[in-house]
Amino acid sequence: YNGNYSESGRVKVWKWNDNTNLYVPMGQDLNDGTQIGDRFGYTLALSGNGQVLVVGAMLYPSGYFRSYSYNVGNNTWDPVGQIFNQAYSVASLELNINGNILAVGTARDNSEKGKVRLYEWDETASNSSNNSLDLSLKEARYVFEKNYLISQIKRFNGNITKVSEFTGMERTALYRKFKSLDIKVE
């Protein structure tokens with residue numbers, strides 16, 4: 001799609017409507033590509049509650065991402081904070097269930113290794129905070145998996161069978177994962 005510029009990209013969000021048994025648009029189309037070929041929408045993340053959307057662009061060799069908050073009253077995606085430019089292409093984005101912690105993966109950095117940076121939303125500053133952490137992929141995976149599984153345990157009120165079904169992991173594998181991540185379950 002040629003949004004604002006050639007190959008700038010576009011993002012559309014759809015939501016299931018139980019009354020009509022159809023997907024319906026949620027908010028406006030986002031075609032916020034900033035320059036030719038930036039491929040806005042190459043990667044994206046939607047929070048578990050469907051209220052926060054982060055869209056990445058893969059303008060080689062660099063990239064950027066932008067956050068949006070869903071305004072139910074206006075049925076719009078409102079930009080939040082600034083555009084975050086990255087030294088290298090944004091390869092992946094992940095949000096936690098509430099949308100207040102964002103993991104941004106880049107394919108490489110100056111050392112030719114991939115890097116993950118974590119951002120935490122600071123509502124008092126109305127912007128993503130500078131509480132970001134530069135982590136190796138192994139460290140970032142550990143932090144993400146631990147937070148994700150703790151979230152699921154809380155979500156299902158400690159019912160490990162439901163956590164197992166939801167995550168698609170067998171119970172025995174799940175218990176091994178809990179042990180490796182130092183997650184205590186009863």
Side-chain angles (χ1 to χ4, degrees), residues 3 8-15 26-35 38-72 76-111 113-155 163 166-168 177 181 183:
S8 63
R10 174 175 64 175
V11 173
K12 296 178 91 161
V13 180
W14 298 80
K15 182 178 181 176
M26 185 173 167
Q28 78 280 18
D29 290 2
L30 298 171
N31 48 336
D32 291 345
T34 61
Q35 54 192 304
D38 65 6
R39 293 176 178 89
F40 178 80
Y42 177 78
T43 185
L44 54 89
L46 183 65
S47 64
N49 62 13
Q51 301 300 302
V52 178
L53 175 67
V54 181
V55 180
M58 187 191 84
L59 179 64
Y60 185 80
S62 61
Y64 64 88
F65 64 91
R66 176 138 218 192
S67 299
Y68 298 85
S69 178
Y70 183 64
N71 183 323
V72 177
T76 57
W77 288 102
D78 299 334
V80 177
Q82 66 201 32
I83 292 176
F84 280 80
N85 292 305
Q86 301 293 294
Y88 294 93
S89 293
V90 176
S92 64
L93 298 167
E94 292 290 336
L95 278 169
N96 70 341
I97 200 162
N98 298 322
N100 63 337
I101 297 177
L102 171 67
V104 179
T106 56
R108 61 185 176 92
D109 65 9
N110 292 332
S111 65
K113 295 179 181 176
K115 187 167 275 194
V116 175
R117 175 166 272 183
L118 298 178
Y119 293 88
E120 183 174 8
W121 181 254
D122 180 356
E123 290 190 35
T124 60
S126 295
N127 212 338
S128 291
S129 72
N130 292 329
N131 297 333
S132 61
L133 304 172
D134 286 326
L135 302 172
S136 69
L137 181 58
K138 183 177 179 180
E139 294 166 324
R141 182 178 292 133
Y142 176 89
V143 169
F144 175 79
E145 287 180 350
K146 186 170 185 169
N147 287 335
Y148 173 78
L149 289 173
I150 288 170
S151 261
Q152 299 313 318
I153 292 166
K154 289 178 183 175
R155 178 182 189 183
V163 172
F166 181 79
T167 61
K177 182 59 81 173
L181 296 172
I183 297 173

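At least one donor-acceptor pair under 3.5 Å links the side chain of N96 to the backbone N or O of I101. Counting only distance, with no hydrogens or angles, the side chain of W77 and the backbone of M26 share a donor-acceptor pair below 3.5 Å. Using modelled atom types, no side-chain atom of K12 and backbone atom of D29 make a donor-acceptor pair closer than 3.5 Å.
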Subject >> Full working for side-chain contact (heavy atoms from CB on, under 4.5 Å) between K177 and L149 >> reply: CA-CA 9 Å; K177 182 59 81 173; L149 289 173; 3.5 Å; yes
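With sequence neighbours left out, the salt bridge (Lys or Arg N to Asp or Glu O under 4.0 Å) criterion links K15 to no other residue. Scanning for ring-ring contact (aromatic ring centres under 6.0 Å, His included) contacts around Y142 gives an empty result, with sequence neighbours left out. Judged as a side-chain hydrogen bond (donor to acceptor under 3.5 Å, both in side chains), and not counting sequence neighbours, the contacts of N49 are S47. Residues satisfying the side-chain hydrogen bond (donor to acceptor under 3.5 Å, both in side chains) test with Y42, not counting sequence neighbours, are none. Residues meeting the side-chain hydrogen bond (donor to acceptor under 3.5 Å, both in side chains) test with Q152, sequence neighbours left out: R155. Listed by chain and residue number, nothing satisfies the side-chain hydrogen bond (donor to acceptor under 3.5 Å, both in side chains) test with Q51 (two or more places apart in sequence, or in another chain).
Within the 4.5 Å cutoff, the side chain of L53 has no heavy atoms near those of the Y70 side chain. V54 is not listed as a side-chain neighbour of Y68, based on a closest heavy-atom distance of 4.5 Å or more. For the pair I183 and K146, the minimum side-chain heavy-atom distance is below 4.5 Å.
With values rounded to the nearest 0.5 angstrom, L181 atom CG is found 8.5 Å from I150 atom CD1. Here the OH-CG distance, from Y119 to L102, works out to 8.0 Å after rounding to the nearest 0.5 Å. Atom CG of L46 sits about 11.5 Å away from atom CD of E94, to the nearest 0.5 Å.
What you find for V11 and V55 is that their closest heavy atoms are CG2-CG1, 3.7 Å. For the pair L44 and L93, the tightest heavy-atom approach, listed with the atom from each and the gap, is CA-CD1, 3.9 Å.
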